[in-house]
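The first residue in the sequence is number 1, and the count goes up from there.
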Amino acid sequence: MPSNDARNLLQTAVPTAAAGVIAVAVSAAVAGGEGALGAAVGTVLAILFMGIGLYVLQWTAKTLPQLFQAMGLMLYVAQLLLLLIFLAVFKDTSLFNPKTFAVSLVVATVVWMAAQARAHMKAKIFYIDPDPEKSEKPEKTGRKS
């Protein structure tokens with residue numbers, strides 16, 4: 001993973017994990033151990049899904065740039081479907097508190113998206129690829145001396 005991609009992942013995952021720790025602490029105080037477990041599962045699931053999504057989109061942008069927008073749309077639909085499947089499978093579970101799970105999942109996702117937007121705004125990304133060959137050669141002005 002190039003350093004820019006790793007920096008982007010770090011700038012999004014760290015605030016999300018911090019929000020998850022806060023969600024676990026609040027859920028433990030409100031709903032006990034099951035609440036803390038639900039919040040932890042929700043946070044880990046959000047970080048996992050969003051991290052995989054970020055990796056897939058970066059890979060697509062580098063290898064198949066013509067499919068970037070379609071891949072982004074498909075990826076977000078796939079993430080929603082996987083979350084719905086996860087919720088359907090664990091809807092009647094007594095393993096963790098589903099309300100704290102849902103709240104922490106939403107909070108972690110919103111924090112991830114805000115951190116990703118901030119990281120993208122602060123990144124110094126060229127919108128034009130500088131041509132190294134032109135910078136090494138002297139410019140021709142069209143005039144003869």
Side-chain angles (χ1 to χ4, degrees), residues 1-140:
M1 182 180 278
S3 65
N4 191 30
D5 298 342
R7 188 178 314 115
N8 193 7
L9 181 63
L10 184 68
Q11 290 176 346
T12 55
V14 170
T16 306
V21 168
I22 294 169
V24 168
V26 169
S27 297
V30 171
E34 286 182 358
L37 183 60
V41 169
T43 301
V44 167
L45 200 61
I47 291 173
L48 184 68
F49 277 19
M50 299 303 267
I52 291 171
L54 181 64
Y55 176 75
V56 168
L57 282 179
Q58 288 174 344
W59 177 83
T60 303
K62 287 180 180 79
T63 57
L64 303 165
Q66 68 275 12
L67 296 178
F68 181 71
Q69 186 176 13
M71 183 62 96
L73 292 171
M74 188 201 70
L75 180 69
Y76 290 127
V77 169
Q79 286 175 332
L80 286 174
L81 288 175
L82 286 173
L83 280 175
L84 285 173
I85 291 169
F86 187 87
L87 289 173
V89 169
F90 289 101
K91 71 179 177 183
D92 294 326
T93 187
S94 60
L95 189 61
F96 55 81
N97 187 330
K99 288 183 182 179
T100 60
F101 165 75
V103 169
S104 68
L105 183 68
V106 169
V107 167
T109 302
V110 168
V111 169
W112 179 283
M113 292 168 63
Q116 190 173 15
R118 182 182 182 276
H120 183 71
M121 295 289 286
K122 291 192 135 305
K124 306 225 182 326
I125 301 171
F126 289 120
Y127 60 92
I128 298 173
D129 288 332
D131 191 6
E133 293 175 11
K134 284 187 180 179
S135 63
E136 293 173 3
K137 296 179 185 177
E139 288 188 28
K140 294 181 181 178

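- Nearest approach of Glu34 to Thr100, heavy atoms of both residues: O-OG1, 4.2 Å.
- Other residues, nucleotides and ligands contribute only 12 or fewer heavy atoms inside 6.0 Å of the CD atom of Gln69.
- The CG atom of Leu57 lies 12.0 Å from the CD1 atom of Ile52; values are rounded to the nearest 0.5 Å.
- Test Leu81, Leu80, Leu73, Leu75 against Val77 for side chain to side chain contact (heavy atoms under 4.5 Å, CB included) and you get one pass: Leu81.
- The CG atom of Leu48 lies 10.0 Å from the CD atom of Gln79; values are rounded to the nearest 0.5 Å.
- What you find for Ala115 and Gln11 is that their closest heavy atoms are CB-O, 3.6 Å.
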**Asked** Stepwise, does the side chain to side chain contact (heavy atoms under 4.5 Å, CB included) test hold for Asn8 with Gln58?
**Response** CA-CA 11 Å; Asn8 193 7; Gln58 288 174 344; 3.7 Å; yes
**Message:** side chain to side chain contact (heavy atoms under 4.5 Å, CB included) for Leu105 and Phe49? Distances and angles first, verdict last.
**Reply:** CA-CA 11 Å; Leu105 183 68; Phe49 277 19; over 6 Å; no
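- Smallest separation of non-hydrogen atoms from Met50 and Met113: CE-CG, 3.9 Å.
- Contact of the Val30 side chain with the Asn97 side chain is not registered, since no non-hydrogen atoms from C-beta on lie closer than 4.5 Å.
- A pairwise comparison of heavy atoms in Thr12 and Thr16 identifies O-OG1, 2.7 Å as the closest pair.
- Taking each heavy atom of Val24 and Ala40 in turn, the nearest pair found is CG2-N, 3.6 Å.
- Across all their heavy atoms, Gly38 and Ser104 have their closest contact at O-OG, 3.7 Å.
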**Message:** Applying ring-ring contact (aromatic ring centres under 6.0 Å, His included) to Phe101 and Phe86, what does each step give before you reach the verdict?
**Reply:** CA-CA 11 Å; Phe101 165 75; Phe86 187 87; 5.6 Å; yes
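- Ring planes of Phe90 and Phe96: tilted class, angle from 30 to 60°.
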